[in-house]
Protein chains: 2
Amino acid sequence: MTVRVLLADDEHLIRGALAALLALEDDLVVVAEAATGPEALAMARAHRPDVAVLDLQMPGADGVTVATSIRDELPSCRTMIVTSHGRPGHLKRALAAGVRGFLPKTVSAQRLAELIRTVHAGNRYVDPELAAEAIAAGDSPLTAREAEVLECAADGAPVAEIARRTSLSPGTVRNYLSSAAAKLGAENRHTAVRLARSKGWV
Amino acid sequence: MTVRVLLADDEHLIRGALAALLALEDDLVVVAEAATGPEALAMARAHRPDVAVLDLQMPGADGVTVATSIRDELPSCRTMIVTSHGRPGHLKRALAAGVRGFLPKTVSAQRLAELIRTVHAGNRYVDPELAAEAIAAGDSPLTAREAEVLECAADGAPVAEIARRTSLSPGTVRNYLSSAAAKLGAENRHTAVRLARSKGWV
DNA sequence: CGGTCCCGCTGACAAATGTCATGAGGGGGG
DNA sequence: CCCCCCTCATGACATTTGTCAGCGGGACCG
């Protein structure tokens, strides 16, 4: 009984190498590869794999978004996320999207093969370290608006610009920015953005 | 005649997969692997490879730093950089460090193997797209101080903090920040930081 | 139904930041 | 040698932020 695998990663070097290594396993067969989010989705539709191994950061649409679409369209396809920079918030989003495996790229190929089987068998696996981080980081203390405003502030836009983009009054924007910074223990909006980013809350 | 290769990348998954693929080439042999900058240097000293393939971003010390050390200590060892996010400035720094190959991770393993041979033969290779970007981006218009101050501002530190760290007067810091932002066409220090980052000038 | 929380706004004040003019000193190049 | 640019500084000013208090409305919950 072979497991049909979809491999999505924007780095050809990694994708190709991975495909080659997984091909060495008798019970795994890579039926499709993709370099972008939309491509991954298209490949999934076309080849209906048993397990989709998705990179978190891809052009077009990120791994979690693709996983959500796959769950809706191909419920029988299990998804797992592989990532270099695992932020606590991403893990939470991924689990909400029905992802059954979440691991860093620091694992070995051998281990990845094992975990593909684990996931295919219907079990879940989350890297213990990433799980610990996620638990330690806890839930975002930010309200929806606070997060939205903070996100707009991420590229250094002035308050007026943020107010325009969010259709809010400039005063309101400043208030949200202020309360968000206070909740995060930051002394200004920019360090607040960095903090929120590091925890995957934006 | 075989080429002895050192492989440095912090992602075990990629490193292992790459090692496996390169092993398929008759004339290439991976004599050492490393997951961090310092480790890469230690491995280079211990195994004296012909070619060192270095990831740009590694814990401890980045690929260019390692390349510089290798050039000083092991002049016979050629170095090449492989990276996911190639910023124009990095390429410039890399060439200054005597790096002979610079390519994105989107290349295929097959191509990487070819290029290892190219570099080993004493030739250079720079990814055309990255080269074009580097030329388009041009040199940094920032003076040494401007860059230094901008870098300190990168984490959202207030002027007073930057002044302390650089041992400058707060007024001077603001002047540098202002002129740097003007040169980069940014409307405030934070967008200036982002711009400079995107071009690899900080 | 009252309490609590988020939303959205206003106004006012303090603090940080951006901008400009100005000046002294030093190094490099024409 | 003179000019230009970088360095470092000061002072003054406008603008942008951060902070705080307060108000009305709506949603949810006990």
Side-chain angles (χ1 to χ4, degrees), chain A residues 89 92-93 96 137-202, chain B residues 89 92-93 96 137-202:
Chain A
K92 206 154 299 190
R93 272 209 309 143
D139 278 329
S140 169
L142 304 176
T143 68
R145 287 291 177 213
E146 283 165 355
E148 185 189 355
V149 169
L150 205 54
E151 194 152 17
C152 287
D155 54 356
V159 170
E161 167 77 9
I162 302 174
R164 229 181 21 76
R165 274 196 265 177
T166 53
S167 305
L168 288 176
S169 137
T172 306
V173 169
R174 281 191 291 163
N175 286 342
Y176 281 144
L177 244 22
S178 185
S179 69
K183 283 179 181 175
L184 298 175
E187 32 181 51
N188 61 44
R189 70 168 83 174
H190 303 285
T191 65
V193 166
R194 287 199 318 119
L195 263 170
R197 275 264 166 79
S198 76
K199 305 215 170 189
W201 290 338
V202 292
Chain B
K92 206 153 298 188
R93 273 208 309 143
D139 279 330
S140 169
L142 304 176
T143 68
R145 287 292 176 213
E146 284 165 354
E148 186 189 354
V149 168
L150 204 54
E151 193 151 19
C152 287
D155 53 355
V159 171
E161 167 77 8
I162 302 174
R164 229 180 22 74
R165 276 196 262 178
T166 53
S167 304
L168 288 175
S169 136
T172 306
V173 169
R174 278 191 294 167
N175 285 342
Y176 282 145
L177 245 21
S178 186
S179 70
K183 282 178 180 176
L184 297 176
E187 34 181 45
N188 60 43
R189 71 169 83 174
H190 303 286
T191 66
V193 165
R194 285 201 321 118
L195 263 171
R197 274 267 166 77
S198 77
K199 305 215 170 187
W201 289 337
V202 292

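Residue numbering restarts at 1 for every chain, and letters A, B, ... go by the order of the sequence lines.
In this structure, B:N175 reaches the bases: a heavy-atom distance under 4.0 Å links it to at least one base atom across the strands shown. Across all strands shown, A:T172 has heavy atoms under 4.0 Å from base atoms, whether or not it also approaches the sugar-phosphate.
Of all non-hydrogen atoms in B:A196 and B:L184, the two that sit nearest each other are CB-CD1, 4.0 Å. Across B:G156 and A:N188, no two heavy atoms sit closer than the pair O-ND2, 2.9 Å. Scanning all heavy atoms of the two residues, the minimum distance from A:E187 to B:P158 falls at OE2-CD, 3.7 Å.
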| Could you walk me through whether A:K199 and A:S140 pass the side-chain contact (heavy atoms from CB on, under 4.5 Å) check? | CA-CA 8 Å; A:K199 305 215 170 189; A:S140 169; over 6 Å; no

| request: Could you check B:T166 against B:E151 for side-chain contact (heavy atoms from CB on, under 4.5 Å), going step by step and ending with a plain yes or no? | output: CA-CA 11 Å; B:T166 53; B:E151 193 151 19; over 6 Å; no

| query | side-chain contact (heavy atoms from CB on, under 4.5 Å) between B:H190 and A:V193: does it pass, once the steps are laid out? | reply | CA-CA 12 Å; B:H190 303 286; A:V193 166; over 6 Å; no

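Between C:dC9, D:dT17, D:dT7, one nucleotide has an atom nearer to the side chain of A:R189 than all others, and that is D:dT17.
Residue A:S178 places at least one side-chain N or O closer than 4.0 Å to OP1 or OP2 of D:dT19. At the phosphate of C:dC7, OP1 or OP2 sits under 4.0 Å from a side-chain N or O atom of A:T143.
Here C:dA16 presents its P atom at 18 Å from CG of B:N188, a figure rounded to the nearest Å. Following rounding to the nearest Å, B:R174 (CZ) and D:dG11 (C1') show an atom-to-atom distance of 10 Å. At whole-Å resolution of the value, NZ in A:K183 and C1' in D:dT19 are 16 Å apart. D:dT19 atom P lies 17 Å from atom OH of A:Y176, rounded to whole Å. The CG-C1' distance, from A:L177 to D:dT16, rounds to 12 Å in whole Å. Residue A:L168 contributes atom CG, which lies 16 Å from atom P of C:dC6 at whole-angstrom precision. Distance, B:E187 CD to C:dG18 P: 11 Å, rounded to whole Å. Distance CZ (B:R145) to C1' (D:dC8): 9 Å, rounded to an integer number of Å.
Side chains of A:D139 and A:K92 form a contact here, defined as non-hydrogen atoms less than 4.5 Å apart.
Interface residues of residues 148-163 of chain B facing DNA chain C, ordered by number: B:P158, B:V159; criterion, heavy-atom separation under 4.0 Å.
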